[in-house]
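Given the structure is predicted, the values throughout are model-derived calculations rather than measurements. For ligands, and for the atoms within them, numbers begin at 1 and follow the listed sequence.
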Amino acid sequence: MGYTLAQKIIKAHLLSGDMNVIGSEIGLKIDQTLTQDATGTMAYLEFEAMGVPRVKTERSVAYIDHNTLQTGFENADDHRFIQSIAKKHGIYYSRPGNGICHQVHLERFGKPGKTLIGSDSHTPTGGGIGMLAIGAGGLDVAVAMGGGAYYISMPKMVRVNLTGALRPWVSAKDVILEVLRIMSVKGGVGKIIEYGGDGVKSLSVPERATITNMGAELGATTSIFPSDEITKSFLKAQSREEDWIELLPDNDAVYDEVININLSELVPMAACPHSPDAVKTIEEIGAKKVDQVCIGSCTNSSYLDLMRVAAILKGKTVHPDVSLSIAPGSKQVFNMLAQNGALADLISAGARILECACGPCIGMGQSPNSKGISLRTFNRNFEGRSGTADGQIYLVSPETAAASALAGVFCDARTLGEAVNIPLPEKFLINDNMIVPPAPVEEMDNVEILRGPNIKPFPTTKPLPDSISATCSLKVGDNITTDHIMPAGAKILPLRSNIPAISQHCFTVCDKEFPNRALSLGSSIIVGGVNYGQGSSREHAALAPLYLGVKAVLVKSFARIHRANLINAGILPLTFVNDADYDEISLNDKLELPDVKQLLMENKEIIIKNLTTGKEIKTICELSERTKAIIIAGGLLNYTRENA
Ligand code: MIC
Ligand code: SF4
């Protein structure tokens, strides 16, 4: 029996476990890591705490791209801290202004066949170039930088068979929106999505990267495209041809699930508020009025994307009722647009040009007006994420975004007439002057770490007690995102290095009283529904509850990265044996978990006694021997120290 693409990379990097047993824990050797600044300070504090002098990976890169709006000293201090840490410990540093981590990594560092983990959920962007690229919590990235394995549950393999070719004005974004429509935001949990079939040949690397990037919204472990001649020409254009290897699945590879998509049948689509899987065609939505259009983010800010936008806007003016902002994905893209004149076309049309960074995608500016309808080429449209609580965010392709910015209403770009054909450049503009290499080994001891006053230590954790007494401090429903648990945006993001301060915002989107209630209860449990913790990799969604005294989270099902972050923080991830028992716990109920440690060690069901109602609730905590030991030690940092 042959191997799938992902299985080939897994096999070549397997350090522990049995890759033939789906769902069992496997340990992988990690070749490359990336961090961004919003998760980076914590990741580097954790790396420091592990006491490893220099990273042991082939390449580790620290990007500054999220917290670039400097309305106080905090973000700039964090940038300096990360720069000094990077210099000392052997990490390349991508300066603010150089671009969004995933876009820059694809251009300058990604290599087919290698493993990459990143402290950002959209790390699977690297799958567009044939890497096994996975989003992880900061602590897992810190461990990998220190040479430790990265652990995942062996995923199922899904093959998405692409046939045909996209018709004019239909875009890579429409492909992933179609996959989201078919699979939903939880359809990818425990799976790797592999793209194959003849249709793959018609997609360039940046287009493939749009598709793998937004595979994060499926909840998938990662997504991957083969490394073929198209990959080779991209790497050649980046002057990195030597990084290319061919990587294809075996002809007799076996997949657990197959999805067929005929690219020629796709039409322009949008994900409607407030979920990336609420997909409709632009035609179905109709000529609805548009207030704002934002083009950019790690999903759709490549040279090809922005050249198409520039071609649509050239010689026209943005509709008077629409605010259009554009953020190129990298300095390379920005510079090329500047040199070939396309930037002038964007500016002339009335676009508000932003720096190459995440910006509006994470609520760092450009929040829409009240109830404003905003069309964005981004990947997430969770409620409130834009910074406007009642903002109505639609996720669309760059083509749909540009056409709608001109029309002032949703516009199917197919009405624009003859398609624009933008070929991949033969040579991208290469200038890595904003990537700072680390200090040579002999100088690293002289590098001083620059720590600002906003950087507070990692919260301390305690080993798991024999029994837990706690109160239900919050009860929430299905599909809770990490943006609910730990909101972002321009006001809260600067507190990422200060857990006590950021904790005051934990879950306030759902319940303003939660932080104070949890703190005053001292020991509490959160109850939730299915797909709890979907979305980002931010470990703050575990560290803030930890700081507030949350001992366990009891839900119907978890999203992958968030569950791993809870375990790393020493918080018990429990699931209901019977989902109907969700109704047996209410806010403020007094709960008891007698002999929890013993039951956990024996892999037995954990019974929660609801002292308020007298009911008993059966739960399970499925853990490997390793994750069990982490929970018992009170988190991954304690565990790593104990096992060092
Ligand atoms: C996101 O898109 O939600 C983020 C902001 O990039 C996060 C990381 C973070 O919260 O810092 C992610 O995707 O992991
Ligand atoms: Fe940045 Fe948005 Fe991409 Fe997250 S999804 S990395 S915030 S651009």
Side-chain angles (χ1 to χ4, degrees), residues 34-43 62-69 75 78 82 94 96 99-106 117-126 133-138 140-141 176 209-210 212-217 219 222 276 294-302 305 325-330 354-366 376-382 384-387 393 395 481-490 492-497 502 505-506 533-544 559-562 564-565:
L34 69 80
T35 56
Q36 40 91 337
D37 48 334
T39 54
T41 25
M42 271 301 141
Y63 293 91
I64 306 294
D65 56 0
H66 280 62
N67 284 352
T68 55
L69 202 65
N75 292 345
D78 286 356
I82 294 175
S94 173
I100 305 175
C101 54
H102 309 302
Q103 175 67 25
V104 179
H105 208 84
L106 192 76
I117 66 166
S119 61
D120 193 280
S121 65
H122 290 103
T123 303
T125 313
I134 308 179
D140 284 321
V141 177
I176 186 61
T210 293
T212 58
N213 169 286
M214 225 176 144
E217 277 51 70
T222 189
C294 299
I295 298 176
S297 94
C298 57
T299 327
N300 275 118
S301 58
S302 68
D305 283 332
S325 70
I326 300 180
S330 68
L354 307 177
E355 68 174 319
C356 330
C358 300
C361 179
I362 191 56
M364 274 280 172
Q366 303 297 321
R376 300 176 162 212
T377 65
F378 308 166
N379 47 37
R380 291 190 172 138
N381 58 348
F382 302 144
R385 181 174 158 105
S386 66
I393 313 300
L395 307 174
T481 72
T482 50
D483 280 291
H484 291 107
I485 307 173
M486 197 61 261
I492 303 177
L493 276 170
L495 304 175
R496 281 289 179 94
S497 311
I502 205 168
H505 300 274
C506 184
Q534 69 161 323
S536 84
S537 68
R538 63 189 72 148
E539 55 190 342
H540 302 76
L543 297 178
R560 181 186 68 89
I561 309 179
H562 184 60
N565 284 340

Does one side chain, of [X] or [Y], offer a donor that lies under 3.5 Å from an acceptor on the other?
{"X": "T377", "Y": "N300", "result": "no"}
{"X": "R385", "Y": "S536", "result": "no"}
{"X": "H122", "Y": "E217", "result": "yes"}
{"X": "S537", "Y": "S121", "result": "no"}
{"X": "Q36", "Y": "D120", "result": "yes"}
{"X": "T39", "Y": "E539", "result": "no"}

Original post:
Looking at residues at least two apart in the chain, or sitting in another chain, which of them share a ring pair (Phe, Tyr, Trp, His ring centres under 6.0 Å) with H540?
Top reply: none

**OP:** Answer whether the closest heavy-atom distance between the side chains of M486 and H505 falls below 4.5 Å.
**Re:**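 SC-SC contact between M486 and H505 confirmed.
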
Original post:
Near N379, which atoms of ligand 2 are under 4.0 Å from a heavy atom of that residue?
Top reply: 5 (S)

**OP:** Applying side chain to side chain contact (heavy atoms under 4.5 Å, CB included) between S119 and each of L34, I561, D37, T35, report the one that passes.
**Re:** T35

Subject >> Residues in contact with ligand 1, criterion: heavy atom under 4.0 Å >> reply: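 Residues within 4.0 Å of ligand 1: Q36, A38, T39, H66, D120, S121, H122, I362, R380, R385, R496, S536, S537, R538.
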
Original post:
Closer than 2.8 Å to atom 1 (Fe) of ligand 2, how many protein N/O/S atoms do you count?
Top reply: 1

Original post:
R560: what forms a salt bridge (Lys or Arg N to Asp or Glu O under 4.0 Å) with it, not counting sequence neighbours?
Top reply: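 R560: no salt bridge (Lys or Arg N to Asp or Glu O under 4.0 Å) contacts found.
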
